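Structure record follows, encoded as structure tokens.
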Amino acid sequence: MRIDVLTLFPAMFPNILGESMLKRAQAKRLVAIKVHNLRDWTDDAHRTADDKPFGGGAGMVMKVEPVYRALRELKKGYRVSGIGCRVVLLTPQGKKLEQKAVKRLARYKRIILVCGHYEGFDERIRGFADEEISIGDYILTCGELPALVLIDSIVRLIPGVLGHNESVKDESFESGLLEYPQYTRPAEFKGMKVPDILISGDHKKIAEWRKREATERTRERRPDLLRIKGQEASNRKDEKHA
């Protein structure tokens, strides 16, 4: 997979992309991540990428021309068909990011992320994107942080990136539930003990315990996920009998 990032602040990326899992994934050549300065596609001496909004108002708006030129160049010669290239705008107006979307995006061979900034995009930029994504209902100063969140969530799903591929299956949101409680050594700390079942060696009972705990934790902390899970099951049942 290749991920390209269009940004006005490329210096925000190297430290995070050069650490931990993201660093290893690139070293193994499982993913190539290229960060591009959007100002490289401006055409004036000041490398202007933003301007005042028509109609007045506070702040600045990202200009359409640099984004258009950048996308045209990055997509040049790349066969965009089937599961090919996907252009994503990072914007608070986008669809809220969920694990289903992450898994879908992880199947693409190439993703181009466009980071918003200032008061937002010139509306015409939206016409060059395949989708818009938000990481939550709150406002950040820029789209660079959401881009890093999206990159991390996608890259970890690429086969071979994580040490144990099985670990992905049991994580929160993968099954529609939050993850069950986890413990490690020591078995007792300041009077707090690890549940006996986890050190029993009975893998069947451990699996049953984990499922119960995941369901209960979800019921306590995110009951909305159980409602969604129930609705999806009902929809599948209706489709089967349709």
Side-chain angles (χ1 to χ4, degrees), residues 1-19 22-23 25-26 29 31-81 83-97 101-102 105 108-136 138-155:
M1 172 184 277
R2 172 169 167 166
I3 301 175
D4 290 275
V5 183
L6 285 172
T7 172
L8 294 174
F9 300 94
M12 293 181 67
F13 289 84
N15 285 346
I16 294 178
L17 296 181
E19 294 288 343
L22 293 173
K23 178 181 180 179
Q26 293 174 87
R29 297 188 178 182
V31 62
I33 304 175
K34 307 292 183 182
V35 179
H36 309 273
N37 190 335
L38 192 55
R39 296 185 189 278
D40 291 342
W41 284 276
T42 57
D43 58 2
D44 66 307
H46 299 288
R47 306 181 80 198
T48 306
D50 63 293
D51 208 337
K52 296 178 181 179
F54 279 123
M60 305 290 278
V61 176
M62 287 181 64
K63 293 170 62 66
V64 61
E65 302 101 309
V67 176
Y68 169 74
R69 295 183 190 122
L71 290 175
R72 182 178 60 182
E73 182 174 329
L74 291 177
K75 294 171 69 174
K76 189 180 297 182
Y78 194 85
R79 187 170 65 89
V80 183
S81 63
I83 300 181
C85 182
R86 194 76 171 164
V87 177
V88 179
L89 296 188
L90 283 310
T91 165
Q93 297 183 27
K95 187 173 182 179
K96 191 183 295 185
L97 182 64
V102 175
L105 288 169
Y108 283 88
K109 295 179 180 178
R110 186 174 184 185
I111 298 173
I112 302 176
L113 305 179
V114 185
C115 303
H117 207 78
Y118 307 120
E119 287 300 308
F121 297 104
D122 182 300
E123 188 68 18
R124 290 165 290 189
I125 292 174
R126 301 184 191 279
F128 308 136
D130 297 302
E131 62 183 287
E132 301 177 25
I133 287 179
S134 166
I135 63 169
Y138 48 88
I139 304 299
L140 298 172
T141 57
C142 61
E144 282 72 18
L145 295 175
L148 285 164
V149 168
L150 185 57
I151 290 170
D152 185 275
S153 65
I154 290 172
V155 171

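All residue numbers in this chain count up from 1 along the given sequence. Small disclaimer: the values here were computed from a predicted structure and weren't measured.
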Out of the candidates Lys75, Lys34, His36, only one should pair with Asp4 under the side chain to side chain donor-acceptor pair (under 3.5 Å) rule; please name it.
His36
Minimum heavy-atom distance between Pro14 and Ala11, given as atom pair plus value
CD-O, 3.4 Å
Using a strict cut-off of less than 4.0 Å between a Lys/Arg side-chain nitrogen and an Asp/Glu carboxylate oxygen, indicate whether Lys95 and Glu131 qualify as a salt bridge.
no
I'd like to know whether CZ of Arg124 has more than 12 heavy-atom contacts from other residues, nucleotides or ligands below 6.0 angstrom.
no
Going by heavy atoms in the side chains, are Ile133 and Leu105 under 4.5 Å from each other?
yes
Just distance, no hydrogens or angles: give the donor-acceptor pairs under 3.5 Å from side chains in residues 53-70, sequence neighbours left out.
unit_1, atom_1, unit_2, atom_2, d
Arg69, NH1, Trp41, O, 2.9
Arg69, NH2, Asp43, OD2, 3.0

Least distance between heavy atoms, Phe13 atom then Cys115 atom
CZ-SG, 4.2 Å
Distance col, row Asn15:CG vs Lys23:NZ, nearest 0.5 angstrom, shows 11.5 Å
If you measure from NZ on Lys52 to CG on Asp50, what distance do you get to the nearest 0.5 Å?
11.0 Å
Leu22 CG to Ile16 CD1 distance, which is reported to the nearest 0.5 Å:
8.5 Å
Using 4.0 Å as the upper bound for N to carboxylate O, is an ion pair formed by Lys76 and Glu73?
no
Name all residues meeting the side chain to side chain contact (heavy atoms under 4.5 Å, CB included) criterion together with Asp44; count only those two or more places apart in sequence or in a different chain, and write none if there are none.
Thr42, His46, Thr48
Start with the C-alpha gap between Leu74 and Arg110, add the side-chain angles, then the distance that decides, and say whether side-chain contact (heavy atoms from CB on, under 4.5 Å) holds.
CA-CA 11 Å; Leu74 291 177; Arg110 186 174 184 185; 3.8 Å; yes
So, taking the atom named CZ in Arg126 and the one named OG1 in Thr91, what distance separates them when rounded to the nearest 0.5 Å?
5.0 Å
Would you be so kind as to tabulate the donor-acceptor pairs closer than 3.5 Å made by side chains of residues 139-154, with sequence neighbours excluded?
unit_1, atom_1, unit_2, atom_2, d
Glu144, OE2, Thr7, OG1, 2.5
Ser153, OG, Val149, O, 3.3
Ser153, OG, Leu150, O, 2.8

Interatomic spacing from CD1 in Ile111 to CD1 in Ile33 - rounded to 0.5 Å
10.0 Å
